[in-house]
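Each chain gets a letter, A, B and so on, in the order the sequences are listed, and its residues count up from 1.
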Protein chains: 2
Amino acid sequence: MASPRRMGSPEAKNRAALLDAAEQIMLEEGYPAASSRRVAEKAGLKHQLVHYYFHGMDELFTAAFRRSAERGLRVQAEALKSAQPLWALWRWHTNSLNAPLWTEYIAMANHRKGLRAEISYYSKRFREEQRWIVDRALRSYGVDPDELPAVAAIVLLTSISRVLVMEEELGVPDGHAETVAIVERYLTKLEGEPTVG
Amino acid sequence: MASPRRMGSPEAKNRAALLDAAEQIMLEEGYPAASSRRVAEKAGLKHQLVHYYFHGMDELFTAAFRRSAERGLRVQAEALKSAQPLWALWRWHTNSLNAPLWTEYIAMANHRKGLRAEISYYSKRFREEQRWIVDRALRSYGVDPDELPAVAAIVLLTSISRVLVMEEELGVPDGHAETVAIVERYLTKLEGEPTVG
DNA sequence: GTCTATAATCAGATAGAC
DNA sequence: GTCTATCTGATTATAGAC
């Protein structure tokens, strides 16, 4: 049963402004601070407009995540075109500025099941896109797929980088330099020194 | 300037009950649901008692984290006595039931600076305790510390296991079996097959 | 699309009696 | 230690005018 309430179009400028504001607050103060009123205020709008553009906060957060994930997929697709896809994957994840945002979404997903399904769906899409490109690359480097399957290489690279970024933010850099050295030594063995472009 | 308010002793039974209740709610519904009123209710107490035992929610969360971290240090110390410390570390982190709780605390730390310092402090203590034991083990296995420093081995093991647990919860198990196989193959090469005890 | 106005609920915190 | 009572402010959400 559809809601009788009116609803703003997805293309509206103010809708995007609300999503921007939500993400900014989530980053600066954590997702519980991203209330309808504060989000609207940061967007320079009245708080009631949140309910005009979204059925509720759940829908707003889901929309924000989806938009951010779609952007990420486009950026990743571009990065994976590199002649050194492993380096590209590694660099992208270790530099990624929106890692903190993902942390917020994952924490939020613990009690917002709609968001949880969304994160699960996009995580799989990210991994699928990486998979065949990395698989092709590893084979061309002469890596035995039984020794190191592409999915495993991906999980390893992304896990390590994700935790490094997270700990860096927390101010716990112990062992990071040594770990990065090991990973990058291996990447160099496979793909050579990273090129700038 | 100290608060003039009265305060319950840290040994009080109800204080512990409040901490238990807070952790349980955090796990089930996420940390924003752990309000003073809901925590007290779950502990079977009146909500005003939260303010008798703690100066505020910040203090409650910090106390809950510290208690949980101290417990973790004791469990880890026991685990690291194993003849196979790397296996122990790996198994402990991949099975750890309180990984979700840590996710909550880390998300919370983004806007509660007291908690942030606490997490940083304990993360370092965990890593220090692991360090010399893993270092001694790796040397006894004949591993070159320049090739694989103990800190790096620790960061690698804990990063990978942490992300595996997190993704498992999200329902994204893709590539996990392959990754676990690679890690465990390496652990077996160093420490042999894991013993049950 | 955007506004005013309003309802219902919940939060953290404190004073003071018992 | 625990209670009643109370204060103050924030939150989501809706109806209906403009």
**OP:** Pick base, sugar-phosphate or nothing for B:Y53, based on heavy-atom distances below 4.0 Å to the nucleic acid.
**Re:** sugar-phosphate
**OP:** Check side-chain contact (heavy atoms from CB on, under 4.5 Å) between B:R139 and all other residues, then give those that pass, not counting sequence neighbours.
**Re:** B:D135, B:P145
Subject >> Centroid-centroid under 6.0 Å between B:Y122 and B:W102 rings >> reply: no
Original post:
Angle class for the B:Y105/B:F65 ring planes (parallel below 30°, perpendicular above 60°, tilted otherwise)?
Top reply: perpendicular
**OP:** Evaluate the criterion side chain to side chain contact (heavy atoms under 4.5 Å, CB included) for residue pair B:M57 and B:V50; output intermediate values, then yes/no.
**Re:** CA-CA 8 Å; B:M57 292 309 287; B:V50 169; 4.0 Å; yes
**OP:** Return each pair, listed once, that meets side-chain hydrogen bond (donor to acceptor under 3.5 Å, both in side chains) where at least one residue sits in residues 58-67 of chain B; pairs must be two or more places apart or across chains.
**Re:** B:D20-B:R67, B:H55-B:E59, B:D58-B:R112, B:R66-B:E118
Subject >> Contacts of B:R37 that satisfy side-chain contact (heavy atoms from CB on, under 4.5 Å) - sequence neighbours left out >> reply: B:S35, B:H47
Original post:
Can you pull the contact range of chain A along DNA chain D, 5' to 3', using atoms under 4.0 angstrom from its heavy atoms?
Top reply: D:dT11 to D:dA17
**OP:** Give, for atom CZ of A:R127 and atom CD of B:E167, the distance between the pair rounded to the nearest 0.5 Å.
**Re:** 4.0 Å
Subject >> side-chain contact (heavy atoms from CB on, under 4.5 Å) partners of B:A177, counting only residues at least two apart >> reply: none
Original post:
Can you give one letter per nucleotide of nucleotides 5-15 of chain C, 5' to 3': B if a protein heavy atom sits under 4.0 Å from the base, S if only from the sugar-phosphate, - if neither?
Top reply: B-----BBBBS
